[in-house]
Engineer: 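Next up is a structure, given as structure tokens.
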Amino acid sequence: MNELFSPNEQFEVLASGFTWVEGPVWVPADSKVDGCDSEPGCLLFSDIPRNAIFRWRPGRGVDKFMSPSGYTGVTYYGHEPGSNGLALDAEGRLIMCEHGDRRVSRLSVGGGKLTLVDSYEGKRLNSPNDLTVDREGNVYFTDPPYGLPDREKDVRRELDYCGVYRLSKTGDLTLLTTELVRPNGIGLSPDGKTLYVAQSDGERPIWAALPIKDDGKAGPLRELADARRYRKEFPGAPDGLTVHSSGTLLGSGPGGVYVITPEGDVIGRLLTEGRVSNCALDADEKWLYITADKQLCRIRLR
């Protein structure tokens, strides 16, 4: 823990006044995302109820980057219609999980979006939630029902499970597991051989690990760490996560960000004492950016 963070380090609130922020991603200046091309880059993050993506730039503060971000319909679509998880693909382009439009999409350079996937075996996805990309360009994402207006009971729901998927760089979609009833945050080990998934289920709030085989399929799921006892202290559940280059997991959970070894030991916590949805490292791993309810925060790494 002390190798990553100074014991005296404090959170810095960069912006506040949002509704419910999620999905932060650091976008370096040399990426292929219009509007983030000035040094050193920018942080993009979703405000799901507002159906918008916001941008934070050092020295320039926050402004709106995209709206609508996850729902382009013309009728009311629940309380969480916008984009959620954001990531960069292997070529530095922005890809996003869209609740309302129920798809994983990519922002095209120069304007417009391309749908990467919106269905599995002819049935519409629930509401893609979070995603991560390996070095080869394969996309892994979770698909719980949180973006549906009536969630798991929504009449528009076509799949009777919540899956974790792998979208290959050639466009093939593989269902990796349905064992997690509420899969949420997702990340990869530095070698790309282990997929980490957070589950926000109230009865089984855990962080889990899935080995990824050479053929892209998943091995048996392993429970990494259990958050039940922490829920007695603070509000929240395992949600978004990121993985440090050392292999250490940084996962949002009850009351803050949990620092977890690849073996599943919770070695420390960065406590806000409130609800935290997600976190992301910058390109140099000097800052950890945290979406905490209505606030965007960060904390310095050693």
Side-chain angles (χ1 to χ4, degrees), residues 1 4 20-25 45-46 48 80 84-87 97 99 126-132 140-147 151-152 161-165 176-189 194-211 218 221-244 247-281 288-293 297 299:
M1 180 69 177
L4 293 175
W20 175 252
V21 284
E22 251 281 10
V25 62
F45 58 100
S46 302
I48 303 176
E80 297 190 27
N84 193 329
L86 309 175
C97 290
H99 276 187
N126 295 316
S127 58
N129 185 285
D130 203 1
L131 73 171
T132 189
Y140 299 82
F141 68 94
T142 57
D143 187 42
Y146 294 128
R151 298 198 169 187
E152 67 274 7
Y161 52 81
C162 298
V164 179
Y165 296 89
L176 298 178
T177 183
T178 60
E179 185 175 341
L180 297 170
V181 297
R182 290 294 181 271
N184 199 322
I186 191 168
L188 278 164
S189 61
T194 304
L195 185 70
Y196 299 109
V197 184
Q199 170 158 263
S200 298
D201 177 49
E203 296 184 5
R204 193 189 179 199
I206 64 168
W207 293 275
L210 283 166
L221 183 143
R222 171 172 61 95
E223 185 172 310
L224 199 65
D226 192 323
R228 271 176 286 197
R229 68 185 182 95
Y230 303 114
R231 285 168 60 90
K232 298 177 183 178
E233 298 179 79
F234 302 110
D239 202 326
L241 61 90
T242 190
V243 183
H244 189 268
T248 304
L249 279 74
L250 302 167
S252 61
V257 175
Y258 287 63
V259 184
I260 308 170
T261 69
E263 295 74 34
D265 296 321
V266 177
I267 58 173
R269 298 185 293 176
L270 307 170
L271 292 178
T272 67
E273 300 187 1
R275 294 184 183 276
V276 173
S277 66
N278 212 331
C279 56
L281 292 159
L288 179 69
Y289 292 90
I290 301 164
T291 46
D293 204 337
C297 310
I299 190 169

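All values below were derived from every heavy atom in this structure, side-chain atoms included, with hydrogens, water molecules and symmetry-related copies excluded.
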Engineer: Please give me the minimum heavy-atom distance between Asn84 and Ser46, naming the atom from each residue.
Structural biologist: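 So the two residues come closest at O-OG, 2.8 Å.
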Engineer: Could you walk me through whether Asn278 and Asp130 pass the side-chain contact (heavy atoms from CB on, under 4.5 Å) test, one step at a time?
Structural biologist: CA-CA 10 Å; Asn278 212 331; Asp130 203 1; 3.6 Å; yes
Engineer: Could you check whether any side-chain heavy atom of Leu288 comes within less than 4.5 Å of a side-chain heavy atom of Leu4, counting everything from C-beta outward?
Structural biologist: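 No, every pair of side-chain atoms sits at 4.5 Å or beyond.
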Engineer: Does the side chain of Arg204 come within less than 4.5 Å of Val181's, by heavy atoms?
Structural biologist: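 No - every pair of side-chain heavy atoms lies 4.5 Å or more apart.
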Engineer: To the nearest 0.5 Å, what is the distance between CD1 (Ile260) and CG (Leu241)?
Structural biologist: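 The CG atom of Leu241 is 8.0 Å from CD1 of Ile260, to the nearest 0.5 Å.
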Engineer: So how far is it from Gln199 CD to Leu221 CG, rounded to the nearest 0.5 Å?
Structural biologist: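 Going from the CD atom of Gln199 to the CG atom of Leu221 covers 8.5 Å.
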Engineer: For the residue pair Cys162 and Pro144, what are the closest heavy atoms and their distance?
Structural biologist: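 Of all heavy-atom pairs spanning Cys162 and Pro144, the closest is SG-CA, 3.8 Å.
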Engineer: Could you grab the distance from atom CZ of Arg182 to atom CD of Glu203, nearest 0.5 Å is fine?
Structural biologist: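 With rounding to 0.5 Å, CZ (Arg182) is 10.0 Å from CD (Glu203).
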Engineer: Walk me through whether Arg222 and Leu210 qualify under side-chain contact (heavy atoms from CB on, under 4.5 Å).
Structural biologist: CA-CA 6 Å; Arg222 171 172 61 95; Leu210 283 166; over 6 Å; no
Engineer: Could you grab the distance from atom CD1 of Ile186 to atom CG of Leu180, nearest 0.5 Å is fine?
Structural biologist: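 Spacing of CD1 (Ile186) from CG (Leu180) equals 10.0 Å.
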Engineer: Donor-acceptor pair, Thr242 side chain versus Leu250 backbone, under 3.5 Å?
Structural biologist: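 Such a contact is absent between Thr242 side chain and Leu250 backbone.
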Engineer: Any donor and acceptor pair, going by atom type alone, linking the side chain of Ser127 with main-chain N or O of His99 inside 3.5 Å?
Structural biologist: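 Between the backbone of His99 and the side chain of Ser127 there is no qualifying donor-acceptor contact (under 3.5 Å).
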Engineer: Is the shortest side-chain heavy-atom distance between Asn184 and Tyr146 below 4.5 Å?
Structural biologist: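 Contact flag for Asn184/Tyr146 side chains = yes.
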Engineer: Donor-acceptor check, side chain of Ser277 to backbone of Val21, threshold 3.5 angstrom: yes or no?
Structural biologist: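 Confirmed, Ser277 side chain pairs with Val21 backbone.
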Engineer: With no hydrogens and no angle check, is any side-chain donor or acceptor of Arg275 less than 3.5 Å from a backbone partner on Pro254?
Structural biologist: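 No, because the side chain of Arg275 does not come within donor-acceptor range (under 3.5 Å) of the backbone of Pro254.
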Engineer: Say you draw a straight line from OG of Ser200 to CG of Asp239; how long is it, rounded to the nearest 0.5 Å?
Structural biologist: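 Rounded to the nearest 0.5 Å, the OG-CG separation comes out at 4.5 Å.
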Engineer: State the SG-CG distance between Cys279 and Leu270, to the nearest 0.5 angstrom.
Structural biologist: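 So the gap between those two atoms works out to 8.5 Å.
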Engineer: For Glu22 and Phe45, run side-chain contact (heavy atoms from CB on, under 4.5 Å): C-alpha distance rounded to whole Å, both residues' side-chain angles, the deciding distance at 0.1 Å, then the answer.
Structural biologist: CA-CA 6 Å; Glu22 251 281 10; Phe45 58 100; over 6 Å; no
Engineer: So Tyr258 and Trp207, would you call those rings parallel, tilted or perpendicular, with 30° and 60° as cut-offs?
Structural biologist: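 Rings of Tyr258 and Trp207: tilted, 30 to 60°.
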Engineer: Under 3.5 Å, is there a donor-acceptor pair between the side chain of Asn126 and the main chain of Arg151?
Structural biologist: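 Pair absent, no side-chain N/O of Asn126 close to backbone of Arg151.
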Engineer: Minimum heavy-atom separation for Pro24 to Thr291, with atom names?
Structural biologist: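 The pair with the smallest heavy-atom distance is CD-OG1, 3.8 Å.
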Engineer: Any side-chain heavy atom of Pro211 within less than 4.5 Å of one from Thr194?
Structural biologist: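 No, too far: nothing below the 4.5 Å cut-off.
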Engineer: Might you point out which heavy atoms bring Pro205 and Asp226 nearest each other, and give the distance in Å?
Structural biologist: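 Where Pro205 meets Asp226 most closely, the heavy atoms are O-OD1, 3.6 Å.
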Engineer: Please walk me through it: do Leu195 and Val164 pass side-chain contact (heavy atoms from CB on, under 4.5 Å)?
Structural biologist: CA-CA 10 Å; Leu195 185 70; Val164 179; 3.9 Å; yes
Engineer: Quick check: closest heavy atoms across Pro235 and Glu273, and the distance to 0.1 Å?
Structural biologist: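 The answer is CD-O, 3.9 Å.
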Engineer: Using every non-hydrogen atom in the two residues, find where Leu131 and Leu86 come nearest and quote the distance to one decimal.
Structural biologist: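 In this case the closest contact between Leu131 and Leu86 is CD2-N, 3.8 Å.
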